[in-house]
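For reference, the structure discussed in these notes is given below.
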Amino acid sequence: MSNVDFNYTSYLKIQELTNKQELMSLKNSPKPAHDEMLFIIVHQTYELWFKQILWEVDSIILLFDKNFVSDSELQLANHRLHRIIEIQRLLIAQIDVLETMTPLEFLEFRNLLFAASGFQSAQFRLIENKMGLRAKDRAIMGGCPYHQFLETKESTQVQAAETSSSLFSCVEKWLERTPYLQAEQYVFWHEYKLAVEKMFEQEKTYILQHVDNTANQELSLKKLDQERLSFQMITDETTYNSYRQESYWKLSHRALMAALFIQVYRSSPKLNPAFQLITSLIDIDEKWTMWRYRHAQMAGRMLGQKVGTGGSSGSEYLKSAAEKHKVFSDFFKLATFFIPESHLPKCPDHLL
């Protein structure tokens with residue numbers, strides 16, 4: 001191809017791209033449903049962004065799926081995670097564009113799409129699996145495994161991703177290798193447990209000395225005991241593993257303790273890049289939840305209580321998925337067990 005032939009249009013395949021919008025309404029009527037064009041373009045754009053997200057996730061898994069991640073690789077992963085977050089902002093914002101179509105305008109072509117549904121997006125299922133969503137944690141639609149709604153080739157591909165290295169599994173192994181958890185005469189979770197006990201004893205003393213009303217004092221002490229017991233969920237490894245067997249926790253105990261260590265000592269220059277990574281993973285989970293809720297709200301606005309396209313349960317399924325499909329939910333739960341910096345145990349300087 002000569003330089004003359006190679007230009008903006010040919011490089012981006014503009015003609016091919018802009019000829020990929022086939023209006024079903026035009027096949028059934030001489031006059032198209034005007035808003036079907038918007039519907040197609042918004043969803044095609046989603047799929048293009050999904051492709052970019054998969055490109056980024058695959059590259060990050062490649063960086064982490066080994067026994068050592070260098071500082072430069074960690075910085076690169078953080079940069080690409082931030083890019084995913086910015087793309088997610090666009091995905092959420094696109095719903096505003098789609099909602100310029102009214103429910104009545106959607107009804108003009110909606111019945112022509114009955115066999116098609118966003119639930120059939122193989123790329124989005126790949127994103128979920130490559131992030132680390134477990135099959136047992138999925139919301140169920142129509143009593144069938146999610147992959148049964150996909151074409152055979154796509155179904156095989158997404159199921160293969162369930163058993164391949166995921167971002168979750170790679171990050172878990174990376175956290176387990178955190179070198180700062182233990183040193184000579186120092187074990188982080190032992191020190192943290194002692195600091196927590198000291199904090200609770202100080203709070204108990206304060207209650208006994210400053211809460212005069214007997215009923216209020218008893219209530220405060222009871223609440224304090226409940227909080228003390230909740231901390232045993234993570235400070236005692238045996239207790240933690242029992243909750244993990246019941247799927248309350250996903251990360252191994254060592255990985256969770258590493259995540260806790262990184263977050264409470266986040267101001268350390270050594271630990272801040274790792275803290276940024278954890279924060280980005282929380283942001284990504286949060287953005288997917290927001291996107292699913294917005295999608296659910298839109299489905300309710302457009303369909304009311306009607307069955308969704310493709311026979312889906314519409315907004316109810318989307319709400320359920322928003323609640324259940326967090327991959328890094330452990331990082332959200334971990335905030336329960338943070339203590340004030342003034343109570344943190346002294347960490348050896350050479351570790352920070």
Side-chain angles (χ1 to χ4, degrees), residues 172 175-176 178 180-272 274-279 281-283 285-286 289-290 322-324 326-352:
E172 180 181 43
L175 286 169
E176 289 173 344
T178 300
Y180 312 118
L181 291 178
Q182 190 167 344
E184 186 177 348
Q185 297 182 335
Y186 173 83
V187 179
F188 168 67
W189 52 85
H190 292 170
E191 297 295 327
Y192 198 78
K193 182 177 180 179
L194 291 174
V196 168
E197 286 297 323
K198 182 179 179 181
M199 180 187 72
F200 280 128
E201 286 301 316
Q202 290 176 351
E203 290 185 12
K204 181 179 179 179
T205 299
Y206 180 87
I207 291 170
L208 292 173
Q209 290 178 351
H210 295 89
V211 180
D212 297 327
N213 183 282
T214 303
N216 288 343
Q217 188 180 93
E218 289 178 356
L219 186 63
S220 297
L221 290 172
K222 183 178 181 180
K223 182 180 178 181
L224 190 66
D225 286 339
Q226 291 173 340
E227 291 179 3
R228 191 194 300 260
L229 285 172
S230 73
F231 266 86
Q232 290 182 8
M233 186 191 299
I234 66 162
T235 55
D236 180 75
E237 187 171 359
T238 301
T239 303
Y240 179 86
N241 287 333
S242 67
Y243 278 92
R244 191 182 181 209
Q245 287 178 352
E246 297 172 4
S247 295
Y248 182 83
W249 296 105
K250 298 175 186 176
L251 291 167
S252 69
H253 185 255
R254 182 175 177 84
L256 191 85
M257 289 297 101
L260 178 62
F261 180 86
I262 289 166
Q263 293 197 78
V264 298
Y265 296 113
R266 65 196 178 282
S267 58
S268 162
K270 289 182 182 178
L271 296 178
N272 192 258
F275 170 71
Q276 294 299 328
L277 182 105
I278 291 173
T279 300
L281 293 173
I282 292 172
D283 286 344
D285 250 353
E286 189 176 73
T289 299
M290 292 171 63
E323 292 293 333
K324 295 190 66 175
K326 284 190 178 76
V327 174
F328 294 94
S329 55
D330 287 3
F331 293 152
F332 288 81
K333 295 173 185 174
L334 197 56
T336 306
F337 306 100
F338 292 165
I339 62 176
E341 289 192 30
S342 58
H343 290 281
L344 286 176
K346 173 66 176 175
C347 184
D349 291 338
H350 69 278
L351 295 182
L352 300 177

Q.
The test is ring-ring contact (aromatic ring centres under 6.0 Å, His included); show your working for Phe328 and Phe331 and say whether it passes.
A. CA-CA 6 Å; Phe328 294 94; Phe331 293 152; 5.7 Å; yes
Look up atom [atom1] in [X] and atom [atom2] in [Y], then write down how far apart they are to the nearest 0.5 Å.
{"X": "Leu251", "Y": "Leu256", "atom1": "CG", "atom2": "CG", "result": "6.0 Å"}
{"X": "Lys222", "Y": "Ile207", "atom1": "NZ", "atom2": "CD1", "result": "14.0 Å"}
{"X": "His343", "Y": "Lys198", "atom1": "NE2", "atom2": "NZ", "result": "8.5 Å"}
{"X": "Thr178", "Y": "Met257", "atom1": "OG1", "atom2": "CE", "result": "12.0 Å"}
{"X": "Leu277", "Y": "Leu175", "atom1": "CG", "atom2": "CG", "result": "8.0 Å"}
{"X": "Ser252", "Y": "Glu237", "atom1": "OG", "atom2": "CD", "result": "8.5 Å"}

Q: Would you confirm whether Asn241, through its side chain, and Arg244, through its main-chain N or O, come within 3.5 Å as a donor-acceptor pair?
A: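 Side chain of Asn241 to backbone of Arg244, a donor-acceptor pair under 3.5 Å: no, none is there.
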Q | Charged N-O contact under 4.0 Å between Arg228 and Glu201 | A |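 Salt bridge: yes.
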Q) Within a reach of under 6.0 Å around CZ of Phe332, are more than 12 heavy atoms found that belong to other residues, nucleotides or ligands? A) yes
Q.
Does Tyr243 have more than 12 heavy atoms from other residues, nucleotides or ligands lying within 6.0 Å of its OH?
A.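 Not buried by this count: 12 neighbours or fewer within 6.0 Å.
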Q: Determine, step by step, whether Ile234 and Thr239 satisfy the side-chain contact (heavy atoms from CB on, under 4.5 Å) criterion, reporting the C-alpha distance in whole Å, the side-chain angles of both residues, the deciding distance to 0.1 Å, and the verdict.
A: CA-CA 7 Å; Ile234 66 162; Thr239 303; over 6 Å; no
(Q) Under the rule for ring-ring contact (aromatic ring centres under 6.0 Å, His included), what residues qualify as partners of Phe188, not counting sequence neighbours? (A)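 Result, ring-ring contact (aromatic ring centres under 6.0 Å, His included) vs Phe188: Tyr192, Phe261.
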Q) For Lys193, which residues count as a side-chain contact (heavy atoms from CB on, under 4.5 Å) partner, sequence neighbours excluded? A)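 So Lys193 forms a side-chain contact (heavy atoms from CB on, under 4.5 Å) with Thr235.
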Using a 4.5 Å cut-off on heavy atoms from C-beta on, say whether the side chain of [Y] contacts that of [X].
{"X": "Thr336", "Y": "Phe231", "answer": "no"}
{"X": "Tyr240", "Y": "Gln232", "answer": "no"}
{"X": "Glu191", "Y": "Cys347", "answer": "no"}
{"X": "Gln217", "Y": "Leu208", "answer": "yes"}
{"X": "Tyr248", "Y": "Lys333", "answer": "yes"}

Q. Restricting to pairs with a member in residues 257-270, which pass side-chain hydrogen bond (donor to acceptor under 3.5 Å, both in side chains), not counting sequence neighbours?
A.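 Sorted pair list: Arg266-Glu341.
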